[in-house]
Amino acid sequence: SVGCVLLEILGGGCIFPGKIAARCMCGTLEHVNYNSDQLGIIFRLVGTPTDRAYLSRMHCIGHFRSWPIYPSRLRQKIVAAVT
């Protein structure tokens with residue numbers, strides 16, 4: 001979280017902009033702030049979480065259970081940014 005905030009301060013904008021229209025409309029109270037577009041952007045960068053015990057505790061697991069598994073590209077992005 002701190003890293004994201006610092007990147008937003010340094011970059012002057014949101015680093016993971018999600019589309020407002022991509023928010024959850026299922027009516028479950030816990031999903032009010034869920035944004036599938038933004039979560040997809042994050043997964044494509046840091047990789048899809050694979051720990052089933054962790055995922056089973058998430059309220060929105062049903063929304064992305066069938067999503068593809070993305071490998072982490074974070075290290076590559078950092079190396080490219082500093083070289």
Side-chain angles (χ1 to χ4, degrees):
S1 296
V2 173
C4 290
V5 171
L6 288 174
L7 282 173
E8 290 177 356
I9 291 170
L10 293 172
C14 183
I15 59 170
F16 299 118
K19 296 175 185 166
I20 293 172
R23 69 185 184 87
C24 180
M25 301 298 233
C26 73
T28 303
L29 184 60
E30 292 88 359
H31 298 189
V32 172
N33 291 325
Y34 170 77
N35 184 297
S36 62
D37 181 59
Q38 187 176 40
L39 194 56
I41 293 168
I42 293 168
F43 284 178
R44 283 190 280 286
L45 177 65
V46 300
T48 307
T50 56
D51 179 356
R52 289 290 165 205
Y54 168 74
L55 291 174
S56 68
R57 294 190 307 267
M58 297 181 71
H59 293 290
C60 297
I61 189 171
H63 293 288
F64 64 90
R65 185 172 298 175
S66 63
W67 285 12
I69 303 288
Y70 297 106
S72 177
R73 298 181 315 142
L74 186 58
R75 184 179 187 90
Q76 297 164 324
K77 291 284 189 179
I78 292 171
V79 169
V82 298
T83 56

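From a predicted model like this one, the values you see are computed outputs, not experimental measurements. In this chain, residues are counted from 1 in sequence order.
Contact annotation: the side chain of P68 never approaches that of F43 to less than 4.5 Å [non-hydrogen atoms, C-beta and beyond].
In terms of heavy-atom proximity, C14 sits nearest to P17 at SG-N, 3.6 Å. Summarising the geometry of K77 relative to L45, their closest heavy-atom pair is CG-CD1, 3.6 Å, with the distance given to 0.1 Å.
In the hydrophobic cluster analysis, where Ile, Leu, Val, Met, Phe, Trp and Tyr join through side-chain heavy atoms closer than 4.5 angstrom, I15 is grouped together with I78.
For the pair T48 (side chain) and Y70 (backbone), a donor-acceptor distance under 3.5 Å is present. Side-chain atoms of Q38 come within 3.5 Å of backbone N or O of F16 as a donor-acceptor pair. Remark: side-chain polar atoms of R73 are not paired, donor with acceptor, to backbone N or O of V46 under 3.5 angstrom.
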